[in-house]
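Residues: numbered from 1 along the sequence shown.
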Amino acid sequence: SCLTEFLARFRPATQADEALICALALTPFWGGPPGERPLIVITGPEGQGVQETGKSTLADLVGSIAGGTFRVRLGRGDFAEEVAKQILGDAAVRHRVVLFDNLSGLTESSELADLITSPWIQGRPAYGRQRARANRLTWVATSVSPEFDADHSSRCVVIHLLAPAEGADPEFRAAGAAFVEEHHARLISDALSILADKKQFISEKYSRFPLWDREVLGCHEAANEALR
């Protein structure tokens, strides 16, 4: 499919990571209950002369298929309240993918962890009245060395990307964006078709998100490997 061709641009470390990349691309189009989606963390071996693996590019391009990626600005103070305020703002309301880009250090906030799996996001944006939106967002984070407390860890799945192959396209990001623009309607159609198709039988123990495991991750033949 066109979506499979698009995802093949990235280099997952294992088949389990390939399954999780597929799940990332499908999640924005999944109509499951609000609050039933994990935080999808993308990591890869960067630094020490290693070319960019495409962590942020993967998040941004998947988001562009679904209408755009909203990048959360993390500051100090009450993370959950600030994140909710941004997500409820006019700039974010049409976006289905939320990105915490380049996290560093230990991420620990029980309130933020609860927000990610809350059925509803409520708060007051910087300018405007109290708002609420159903939490059908696809939550994504990128980090070279992700560290999470217990609250976040139970809500996460982690995609490991490899460094680009020798001779990889230096215009990798621009080429991916051009592909999405050219095949946008087909990519959406493929995602919906895959979600409607027969799923893999899940024999491994479910994660905290059993419905997502079955209906989204289960679209890939390596779903059980991703759950091990």
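- Arg186 and Cys2 get closest at one heavy-atom pair: CG-CB, 3.4 Å.
- Note that CD of Glu36 and OG1 of Thr27 are 12.5 Å apart. Values are rounded to the nearest 0.5 Å.
- In this structure, Thr43 contributes its side chain and Val144 its backbone to a donor-acceptor pair below 3.5 Å.
- Rounding to the nearest 0.5 Å gives a distance of 5.5 Å between CZ of Arg71 and OG of Ser56.
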| said: Applying side-chain contact (heavy atoms from CB on, under 4.5 Å) to Val41 and Phe148, what does each step give before you reach the verdict? | reply: CA-CA 11 Å; Val41 182; Phe148 296 98; 3.8 Å; yes
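- In the hydrophobic cluster analysis, where Ile, Leu, Val, Met, Phe, Trp and Tyr join through side-chain heavy atoms closer than 4.5 angstrom, Trp120 is grouped apart from Leu137.
- Residues Arg136 and Trp30 form no side-chain contact, since every pair of their non-hydrogen atoms from C-beta on lies 4.5 Å or further apart.
- For His183, the ring pair (Phe, Tyr, Trp, His ring centres under 6.0 Å) partners two or more places apart in sequence, or in a different chain, are Phe179.
- Heavy atoms only, all atoms of each residue included: Gly63 and Thr69 are closest at CA-OG1, 3.1 Å.
- Cation-pi check for Arg9 over Phe172 is not met; the charged atom does not lie both under 6.0 angstrom from the ring centroid and within 45 degrees of its normal.
- Rounding to the nearest 0.5 Å gives a distance of 12.0 Å between CD of Glu215 and CG of Leu26.
- With hydrogens and angles disregarded, a donor-acceptor distance shorter than 3.5 Å links the side chain of Arg133 to the backbone of Ile87.
- The backbone N or O of Gly32 sits less than 3.5 Å from a side-chain atom of Arg37, completing a donor-acceptor pair.
- Between Glu221 and Gln15 there is a side-chain heavy-atom pair separated by less than 4.5 Å.
- Ile42 contributes atom CD1, which lies 10.5 Å from atom CG of Leu20 (distance to the nearest 0.5 angstrom).
- The line from CG of Leu192 to CG of Leu187 is 11.0 Å long, rounded to the nearest 0.5 Å.
- The shortest non-hydrogen separation linking His95 to Gly67 is CD2-O, 4.1 Å.
- Closest heavy-atom contact between Thr138 and Pro28: OG1-N, 3.3 Å.
- Formation of a donor-acceptor pair under 3.5 Å by the His160 side chain with backbone atoms of Gly44 is not found in this model.
- Listed by chain and number, the residues in a salt bridge (charged side-chain N to carboxylate O under 4.0 Å, His left out) with Arg173 are Asp60 (sequence neighbours excluded).
- Of all the heavy atoms in Asp151 and Ser154, the pair that sits closest is O-OG, 3.1 Å.
- Inter-residue side-chain proximity for Ile159 and Phe10 is flagged as unmet; no heavy-atom pair is nearer than 4.5 Å.
- Here the side chain of Arg155 pairs a donor or acceptor atom with the backbone of Ala113 at under 3.5 angstrom.
- Taking CG of Leu217 as the start and CG of Leu211 as the end, the distance is 12.0 Å to the nearest 0.5 Å.
- Under the 4.5 Å side-chain heavy-atom criterion for grouping Ile, Leu, Val, Met, Phe, Trp and Tyr, Leu162 is not connected to Ile40 through any hydrophobic cluster.
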| message | Let's go through Lys205 and Asp213 carefully: what are the C-alpha distance in whole Å and the side-chain angles of both, what is the deciding distance for salt bridge (Lys or Arg N to Asp or Glu O under 4.0 Å) to 0.1 Å, and is it a yes or a no? | response | CA-CA 10 Å; Lys205 182 180 178 181; Asp213 294 341; over 6 Å; no
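- Taking the side chain as every heavy atom from C-beta outward, Phe29 and Arg96 approach each other to under 4.5 Å.
- Residues Leu161 and Ile21 meet the side-chain proximity criterion, which asks for heavy atoms closer than 4.5 Å.
- For Ser118 (side chain) and Ile121 (main-chain N/O), no donor-acceptor pair under 3.5 Å exists by modelled atom type.
- For the residue pair Ser207/Trp212, the side-chain donor-acceptor check at 3.5 Å is not satisfied.
- Side chain of Thr142 to main chain of Asp101: no donor-acceptor pair is present (N/O by atom type, distance under 3.5 Å, no hydrogens or angles).
- Closest heavy-atom contact between Leu3 and Asp190: N-OD2, 3.1 Å.
- When atom types are taken as modelled, the side chain of Gln86 and the backbone of Arg73 share a donor-acceptor pair closer than 3.5 angstrom.
- Residues Pro125 and Arg131 meet the side-chain proximity criterion, which asks for heavy atoms closer than 4.5 Å.
- You'll find the side chain of His220 reaches within 4.5 Å of the side chain of Glu18, heavy atoms only.
- For Glu204, the salt bridge (charged side-chain N to carboxylate O under 4.0 Å, His left out) partners are Arg228, not counting sequence neighbours.
- Between Phe6 and Leu61 there is a side-chain heavy-atom pair separated by less than 4.5 Å.
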